[in-house]
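Structure first, commentary second.
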Amino acid sequence: MADVTSANPVTFIWLFPAVYLLHIAEEHWGGGGFSAYLARTRGVELSPLKFLVMNAVGWSLMTAGLLLALRLKFAEWMMVCLATVVFINGLAHTINAVLRAEYNPGLVTGLLLFIPLGASVLARLKGRMRGHRYFGALMVGAFIHVVIFWLALSGGKLGLK
């Protein structure tokens, strides 16, 4: 993993969509797939196709957000937001694996890519941003992860009947 402490952190902005693609691949193919894992462990129906569509939308929104952040000059804020999302997701996969004493799809990329990327970006940018901006980006990232978690556990349903 590249060391964001020795360079401008915005240099590493495109690591987010790249590692997200690797994470999606592991969740789709690893251990029978995240859809099957959710069905087995939580009774959640989320078809592999719906899983891929949801993640394609997520990846597209992430990429569009990064392009917008670069153009409108809020790249560091966006990186803190995304670093929070990936860090929490990596921790969630790791904690779940420990508690269940089993592999879950997404664990390897969560542990080896999401946690180091998230932690290093969060640490590097903490000193570069004003406290309220940094905290705001952290809170938005945490909220995004809550929404992602809720969508996964709801089987991709938006709560509409």
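In this text, all values refer to a predicted model and were calculated from it rather than measured experimentally.
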* Is Glu26 reaching over with its side chain to a backbone N or O of Val108, donor-acceptor style, under 3.5 angstrom? -> yes
* Taking atom CZ of Arg124 and atom CE of Met79, what is their separation to the nearest 0.5 Å? -> 10.0 Å
* side-chain contact (heavy atoms from CB on, under 4.5 Å) assessment of Tyr134 paired with Leu122 -> CA-CA 9 Å; Tyr134 184 84; Leu122 290 172; 3.5 Å; yes
* Asked: Leu67, Leu72: one ILVMFWY side-chain cluster at the under-4.5 Å cut-off?
  -> yes
* To do: Could you list all the ring pair (Phe, Tyr, Trp, His ring centres under 6.0 Å) pairs where at least one residue sits in residues 82-102, not counting sequence neighbours?
  => His23-His93
* Give the minimum heavy-atom separation between Leu153 and Val44, together with the two atoms involved. => O-CG2, 3.4 Å
Show me the side-chain donor-acceptor pairs of residues 29-37 shorter than 3.5 Å, one per line, residues at least two apart or across chains.
{"unit_1": "Ser35", "atom_1": "OG", "unit_2": "Leu46", "atom_2": "O", "d": "2.8"}
{"unit_1": "Tyr37", "atom_1": "OH", "unit_2": "Asn96", "atom_2": "ND2", "d": "2.8"}

* Verify, without hydrogens or angle tests, whether Trp59 (side chain) and Pro17 (backbone) share a donor-acceptor contact under 3.5 angstrom. => yes
* Taking all atoms of both residues into account, what is the closest heavy-atom pair of Ala75 and Leu70, and its distance? -> CB-CD2, 3.9 Å
* Quick one: closest heavy-atom pair of Trp77 and Met129, and the distance? => CA-CE, 3.7 Å
* Asked: Would a hydrophobic clustering, with Ile, Leu, Val, Met, Phe, Trp and Tyr connected at side-chain separations under 4.5 Å, put Val53 with Tyr20?
  -> no
Tell me which donor-acceptor pairs under 3.5 Å the side chains of residues 137-149 have, and how far apart each pair is, sequence neighbours excluded?
{"unit_1": "His145", "atom_1": "NE2", "unit_2": "Asn89", "atom_2": "ND2", "d": "3.4"}

* Structure fact -> Of all heavy-atom pairs linking Leu66 and Phe16, the shortest is CD1-CB, 4.5 Å
* Reference residue Val19; test side-chain contact (heavy atoms from CB on, under 4.5 Å); the match among Thr109, Leu113, Ile24 -> Leu113
* **hydrophobic_cluster_shared for Ile13 and Leu61, side chain cutoff 4.5 Å** => no
* **Pairwise distance OG(Ser154) to CG(Leu38) - rounded to 0.5 angstrom** => 10.0 Å
* Structure fact -> Residues Pro105 and Glu27: closest non-hydrogen pair is O-CG, 3.4 Å
* Cluster question for you: counting only ILVMFWY and a side-chain heavy-atom cut-off of under 4.5 Å, with indirect links fine, are Ile88 and Val121 together? -> no
* **Gap between atom CG of Leu112 and atom CG of Leu107 - 0.5 Å precision** => 8.0 Å
* **Which atom of Val86 lies closest to which atom of Phe114, heavy atoms considered** => O-CB, 3.2 Å
* Steps toward salt bridge (Lys or Arg N to Asp or Glu O under 4.0 Å) verdict (Arg40, Glu102) -> CA-CA 13 Å; Arg40 180 176 60 80; Glu102 68 178 357; 3.5 Å; yes
